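What you see is a predicted model; the values in this text were computed from it and never measured. To find a chain, count down the sequence lines: A is the first, B the second, and so on, and within it residues start at 1.
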Amino acid sequence: MSVATSSHSGTSERRVPAGRLAVYAIALAIGLCLAFAPFLFTDVRAQEVAARICIFIVLVASYDLLIGYTGIVSFAHTMFFGLGAYGTAMVLKAWGPGWDAIIVGGAVGVAAAFVLAVLIGLLSLRVKAIFFAMVTLAAASVMLVLASQLSDFTGGEDGFTYQVPRLFSPAMKLFEDADGKVARLFGVALNGKVAAYYFVFLSSLVLFLVMLRIVASPMGTVLEAVRENEMRAEAIGYRVVAYRTAIFCIAAVIAALAGVVRAVWLKYVGPEVALSFGIMIDILLMVVIGGMGTIYGAVIGVVVMSLAQFYLKDLMEVAAGATSGIPLLPDLLNPDRWLLWLGVLFILLVYFFPAGIAGTLMKKGSH
Amino acid sequence: YTQEDPVKIALVHGLSGSPLEAYSKQTTNGFNLGLEYATKGTMEIKGRKIEVIEKDTQFKPDVARSVLAEAYGDDEALIAVGGTSSGVTTAMLPIAQEYEKILLVEPAVADSLTGPDSNRYVFKTSRNSSMDTQAQALALSPDENLFVATLAQDYAFGRDGISSFKRALEGTGATLVAEEYVPQQTTDFTATIERLFNALKDKEGRKVIYIYVAGIDAMTPLASADPARYGIELSTGGNILPAMASYKQVPGMEGSIYYYYEAPKNEINDWLVKAHQEKFGSPPDFFTAGGMAAALAIVKALETAEDWDTETLISTMEGMSWETPKGTMTFRPEDHQALQSMYHFKIKVDDNVAWAIPELVREIKPEEMDIPIGRNNQE
Amino acid sequence: MSGAILRLDDVHTDIAQYHILHGISMNVPEGGVHVLLGRNGAGKTTTLRTVMGLWRARKGAVVFRHHDITAMPTPDIARLGIAYVPENMGIFGGLTVEENMRLASTSGRFDDDRLGRVFALFPAMEKFWTKQAFALSGGQKQMLAISRAIIERRELILIDEPTKGLAPAIIRNMITAFREIAEETTILLVEQNFLFARSLGRGVAVIDDGRIVHSGGMAELAGDEALQTRLLSLSLAEHQ
Amino acid sequence: MNATLERFGGVYLIPVFLAIVAFAMIGSPSTWVTLTAAGLAMGMMIFLMASGLSLVFGLMDVLNFGHSAFVTFGAFIAATVLAAMASWLSADSAVLNMIALAAAIGAATAFGAVAGWFFERVIVKPVYKDHLRQILITMGALIVAEQLILAIWGGVPIAVARPAFLSGSIIIGDVAIETYRIFALLLGLAVFVVLYYALNRTRIGLLIRAGVENREMVESLGFRIDRLFIGVFMAGSALAAMGGAMWAGYQSLITPALGQELLILVFIVVIIGGLGSIEGSLLGAILVGLLTNYVAFLFPKLSLASNMLLMMVVLLWRPYGLKPAVKG
Amino acid sequence: MTPSLRTENLTIRFGGHVAVNGVTCAFRAGELTVIVGPNGAGKTTWFNLVSGQLRPSEGKVFKGDREISGLSPSARAKAGIGRAFQLTNLFPKLSVLENVRLAVQARRGDGPRIFTRAASLTRLRDEAQGYLESARLADVAGYPASALPHGDQRKLEVAMLIAMQPDVFMFDEPTAGMSVDEAPVILDLIASIKKDTSRTILLVEHKMDVVRALADRIVVLHNGELVADGKPDEVMALPQVREIYLGVGADEEEAA
Ligand SMILES: Nc1ncnc2c1ncn2[C@@H]1O[C@H](COP(=O)(O)OP(=O)(O)OP(=O)(O)O)[C@@H](O)[C@H]1O
Ligand SMILES: Nc1ncnc2c1ncn2[C@@H]1O[C@H](COP(=O)(O)OP(=O)(O)OP(=O)(O)O)[C@@H](O)[C@H]1O
Ligand SMILES: [Mg+2]
Ligand SMILES: [Mg+2]
């Protein structure tokens with residue numbers, strides 16, 4: 001490396017490499033698909049999938065703030081998600097459908113998440129990473145048990161259903177045509193379902209943009225510094241515990257907000273959709289598949305995983321049918337074993353593309 | 001619908017992601033056998049082909065909701081049957097209402113599925129927890145001489161079951177001396193056993209510990225702690241066949257069971273046992289019978305109804321009685337729960353059979369039980 | 001050459017996609033200290049690692065006595081009696097000084113005599129015998145690394161920059177110690193400290209850009225400042 | 001004060017202290033004996049699984065979520081072997097019983113060893129030192145393993161037969177101790193002694209720790225570290241599978257979720273005990289076993305939280321566990 | 001004039017071993033002090049006590065008039081104490097520029113700002129770029145720090161310290177392992193800091209030529225104790241110092 005004449009270096013830093021552009025393009029394309037999902041995909045399942053993708057993008061991106069940016073391994077993320085969802089759902093159930101219930105319930109849930117995050121963070125973010133992971137795992141399982149035992153309030157294992165404001169019910173006509181029937185746009189009925197979807201989409205979009213802003217801010221780099229070399233970050237003047245706790249709380253609050261949106265969309269809440277360890281594993285898979293420490297990775301990871309969860313089975317069914325003559329293969333391709341293949345794919349991914357899809361793409365064309 | 005269009009029935013079950021997937025398999029087999037029996041192998045109703053579409057809930061309530069919505073909305077299924085676990089099924093209930101189509105619950109058991117948060121589009125062929133526990137209470141022939149301590153898991157299923165068991169004992173003179181609740185995944189029962197024994201051992205009379213747990217084996221530790229030394233008997237409800245192997249430790253134990261293939265004496269059950277043996281090389285189990293009952297209910301409803309409009313179907317099914325491998329079932333008009341018989345058994349051990357045999361003592365008829373009405377769909 | 005204990009024959013080594021050694025050929029005669037010199041990045045460390053089998057030669061041969069060790073697994077090479085003191089010292093920080101030493105002796109037991117000599121050379125080792133090695137000072141870690149290499153009788157010791165971070169007094173001691181060790185063992189020494197190298201070395205080789213650019217007696221190089229400037233880009237005598 | 005405590009056993013006194021407090025609170029000696037014996041035996045069974053994890057996680061610094069899959073596999077293989085040898089198992093001869101049991105445990109352990117070999121080579125080797133990827137890749141392996149178990153044994157709970165000579169309890173007065181637990185206690189002790197000897201009286205323990213820190217240097221000292229790592233991994237998985245096999249006989253109704261349910265408990269034990277020390281794992285396991293039993297008797301409501309609380313308290317008091325082998 | 005940095009009876013024990021033993025010492029602005037001493041004398045440990053990585057068993061540290069012994073390392077950095085490490089200690093996956101930018105940002109207190117205009121980031125970057133240029137690292141600004149060769153990593157270590165603009169600079173063997181043609185860059189940098197007379201510089205170094213070239217004053221540590229303090233020529237002439245440090249004419253056993 002010669003000390004050559006380059007007073008204006010750093011240009012290399014500012015030129016956006018091709019791989020990075022590709023990631024932005026993919027994320028934008030996905031964003032556009034989601035923005036027009038009700039009109040692009042008219043079948044019922046696709047809409048459910050689209051809403052779920054929106055919510056999970058927020059959830060996974062907020063987890064990426066922890067694991068990808070700051071290097072904090074937490075197993076309590078679904079706990080915060082669940083607090084938001086349960087808070088909203090319980091108040092909706094008690095007060096009946098209404099915006100006041102959503103706002104109050106959501107606020108209670110988010111506040112609870114925040115307080116818990118502060119407590120856990122201050123108490124245990126000083127200890128070794130692995131112990132922190134265990135503490136959060138313990139906290140999450142206590143919460144799960146609580147939800148199951150306080151079944152009078154939480155519906156226990158089975159969860160409970162409730163009503164949401166009329167604006168979001170399928171019978172709601174957003175616009176009426178001349179005959180008083182629900183107006184259609186490109187053949188899609190503009191009913192409460194569409195309103196509900198856009199509620200989900202816009203809330204998710206706002207939260208996602210907030211996170212993009214956070215990681216591009218000075219704080220974002222400090223988080224990475226804390227992940228890379230805690231002791232050095234402290235030595236140049238950053239209070240590591242404070243930053244860790246702060247980001248842990250921010251992530252918790254965002255997860256809880258995602259939970260609020262989830263509760264409003266689903267009209268049902270239960271451990272399986274808002275609290276279980278299964279969701280935690282899904283989040284982990286998504287964040288890794290997408291690529292840690294990129295935020296955009298969350299978008300890609302969630303889409304890939306969701307499509308696999310909802311459609312890989314169908315594919316395997318076809319594959320199993322096509323190979324029915326060959327011994328053994330159909331058994332392994334049995335659609336009920338789709339998780340097996342997902343697991344294998346996942347291992348291969350961690351093995352060969354540890355940076356995930358977005359991370360690998362971004363590296364391409366840098367140097 | 002044109003005459004050529006097949007009539008679609010959706011089976012919305014958990015097929016992957018949980019150990020319970022085995023239950024779904026049993027239901028599916030039973031359901032298909034049921035259709036075969038009811039249509040005499042033609043798979044047609046009123047000249048329309050029946051098409052069964054299977055949907056996997058992956059045991060996730062959110063997935064369940066979307067696949068059910070898909071079944072109703074995109075695949076235009078007429079009726080859906082499912083789901084496997086109570087939680088997933090709870091989440092599915094509002095979808096039936098949203099699409100105004102019938103959801104036939106099988107094999108999830110929770111009482112709440114026909115409770116206040118349910119809706120009039122929901123019918124349920126599977127038994128509910130109250131039936132289990134009440135039949136169990138009846139199988140103990142309760143009187144002043146009976147002292148019972150209960151062991152259940154500490155969650156809604158366990159607590160609801162025990163409170164309904166308590167209701168059934170009320171007025172019979174029997175005494176409930178202790179209720180023990182253990183965490184759901186308990187593996188060490190020593191402490192609980194000590195507590196149960198301490199509560200019962202000084203009582204004069206017939207002393208019974210009623211075990212009401214799911215997914216764990218409390219029988220083996222209890223039996224090996226030798227309750228007989230205090231004159232204590234164990235009692236528990238029947239279970240699926242593989243789980244009944246551990247009952248071999250308690251020959252002579254009495255309890256009640258939802259279905260055992262040798263218990264019901266009727267033509268349909270005979271056919272089921274034979275067909276199942278031929279097809280799968282094993283006798284039908286718990287959920288096979290339930291699946292078949294669900295299929296028979298659907299076929300009967302479709303055959304009787306004038307048209308297949310949801311409202312017509314609902315009015316046809318309310319109060320409908322039909323024959324199943326468990327004898328006659330009737331949809332109670334108020335909450336759409338199917339009332340059905342249970343079986344009082346006594347355990348017999350046969351070394352040539354892998355499981356302990358719950359020998360039939362007597363059939364407990366629906367009229368004997370007082371199953372609370374969950375909601376009133378008539379209002 | 002009969003006297004050579006170690007012979008490298010046109011050794012080419014790649015690290016990842018980079019071609020680092022471009023045909024190193026040299027002989028290390030039995031006995032005494034032999035020095036490998038060269039500027040930062042010349043390939044000295046890479047040469048030692050190639051001998052140890054920690055990098056693999058893509059082409060050429062490494063021969064120890066009559067064993068071809070080019071493709072031999074590292075543990076087997078070590079068991080032939082070759083010890084290695086790496087550039088980064090390779091201390092096991094979680095282990096105590098004693099445990100570090102115990103791993104370095106083949107039998108797991110210590111010869112009291114040799115241990116005495118180690119303690120005499122580096123009293124800090126005795127003082128911190130039961131201390132965990134991560135808590136040692138930078139120089140003490142370096143001492144531990146060398147102690148491990150000499151706790152047993154070895155045939156050949158490869159040492160990578162032992163004086164880095166050591167105080168002058170210790171360096172002086174080390175000169176004496178190495179002279180003593182070199183009486184029973186051959187030492188191949190990589191060094192930047194020319195004073196140190198000059199006072200010990202019998203033979204010397206200079207590496208530049210992955211090639212041997214000079215080899216011969218130490219006295220010859222030490223006496224020729226022009227050669228030093230040409231080979232090592234500045235007069236080493238001036239420095240230090 | 002501290003020094004005196006240290007002289008009389010230090011942290012090893014905690015279980016004794018716990019037992020004394022429990023005695024005072026329980027009141028009934030027979031109940032206390034029953035609970036204590038049960039707790040010790042339970043602890044020993046957990047120890048079997050925890051020791052495997054502690055070896056791999058504590059010494060080799062590999063956080064293996066797949067550990068629970070070995071436990072589950074062990075349980076199911078033992079169940080299968082026991083089912084196949086059902087007639088020997090129920091025979092009146094203790095020798096035949098014993099052979100059947102040994103075959104079951106042996107098969108599970110052997111499987112564990114082989115699976116451990118495969119696991120180390122294929123799954124873990126590429127991600128040594130990278131905790132995050134370890135968590136992820138072993139999590140993936142766990143999913144695959146669970147699916148395989150589902151594919152092979154199906155999802156239905158499987159009943160496991162106990163050998164005739166180990167069923168029932170020994171009853172002395174009002175004290176009842178399950179025979180099976182006595183067996184577990186003995187087996188656990190045997191494993192402890194072997195491991196303790198191997199790690200503390202030989203250089204193996206040192207080598208593993210050194211190898212984790214600096215693999216190349218250990219090789220440069222003449223040791224075949226890769227073989228050693230494989231060996232440790234195989235031993236760890238074999239112990240997990242052995243623990244699973246023992247657990248199958250104990251729980252008598254097993255589901256594929258068994259391993260996962262135990263995993264948290266095993267993690268807690270390892271963390272309480274401190275990383276990498278076999279004594280620590282034993283201590284942690286016994287503490288957990290005793291506490292679970294005492295609390296379940298005295299305050300049944302608390303029994304779920306008791307282990308979590310124990311872990312929190314220990315971590316606050318000693319952030320590296322009670323008896324860590326590796327500090328810092 | 002109050003000294004810019006002062007330690008009072010600074011002591012730390014590890015178990016029974018006293019690594020730093022009652023060191024009382026003061027440093028003025030505009031002065032470059034070289035700290036010498038045999039290996040294990042306690043130089044790095046003393047640095048750790050001043051910059052807060054270790055807490056003293058006894059004694060106090062003052063920055064100007066302010067006692068800072070109870071502060072965390074980050075608080076001490078904010079108070080104007082900056083150090084570079086003996087073993088290179090960077091943010092390996094971040095770019096060279098970001099490494100330096102983080103130091104600039106910490107000094108400016110911009111760390112906790114979540115929402116900030118892009119323009120202010122640009123300002124931070126431009127300033128960081130300036131430090132890179134003075135350390136002759138501008139060319140590699142976009143590389144991750146881990147990809148740099150050893151010499152450049154040492155330079156980056158120093159550039160980060162300069163970017164912190166502390167009142168007290170502490171260098172721990174900044175040229176260790178650097179080849180003779182690389183080391184001058186660092187020495188030049190240190191010399192240029194020295195021109196600003198408001199700064200205090202502490203330097204641990206073993207190489208005698210460096211010591212002679214830069215030192216205004218030499219402090220000698222031995223077995224954790226301060227054994228000599230004064231002008232370079234005077235200190236180096238003391239027989240005791242020659243003995244423990246250079247090993248000249250000394251009984252060799254004494255050396256460590
Ligand atoms: N792991 C690696 N990956 C890529 N290149 C490497 C690696 N290790 C060394 N190199 C390169 O190989 C060349 C030779 O390095 P080597 O460490 O052998 O030099 P050296 O002579 O020992 O230098 P020094 O005096 O700095 O220790 C250098 O250009 C270096 O950048
Ligand atoms: N964390 C610790 N635990 C125990 N002892 C320690 C610790 N840190 C340092 N020491 C001891 O304190 C003494 C001083 O170490 P220090 O690193 O300060 O020396 P130094 O003067 O910097 O030496 P060098 O020139 O070799 O770097 C050494 O004997 C070392 O073993
Ligand atoms: Mg080198
Ligand atoms: Mg030092």
Show me, pair by pair, the donor-acceptor contacts under 3.5 angstrom made by side chains of residues 82-89 of chain C, not counting sequence neighbours?
from: C:Glu87; atom 1: OE1; to: C:Thr45; atom 2: OG1; distance (Å): 3.2
from: C:Asn88; atom 1: OD1; to: C:Gly90; atom 2: N; distance (Å): 3.2

Original post:
If you count heavy-atom pairs under 4.5 Å between each of E:Glu205, E:Arg212, E:Glu173 and chain C, which one has the most?
Top reply: E:Glu173
**OP:** Mind checking side chain to side chain donor-acceptor pair (under 3.5 Å) for C:Asp111 and listing every partner two or more places apart, or none if nothing turns up?
**Re:** none
**OP:** State whether the number of non-hydrogen atoms from other residues, nucleotides or ligands found under 6.0 Å of E:Lys60 atom NZ is greater than 12.
**Re:** no
Original post:
Take atom NZ in E:Lys93; do more than 12 heavy atoms of anything else shown fall under 6.0 Å from it?
Top reply: no
Subject >> Closest non-hydrogen atom pair, E:Asn39 against C:Ala167 >> reply: OD1-N, 3.0 Å
Original post:
Between E:Gly40 and C:Gln140, which heavy-atom pair has the shortest distance, and what is it?
Top reply: CA-NE2, 3.4 Å
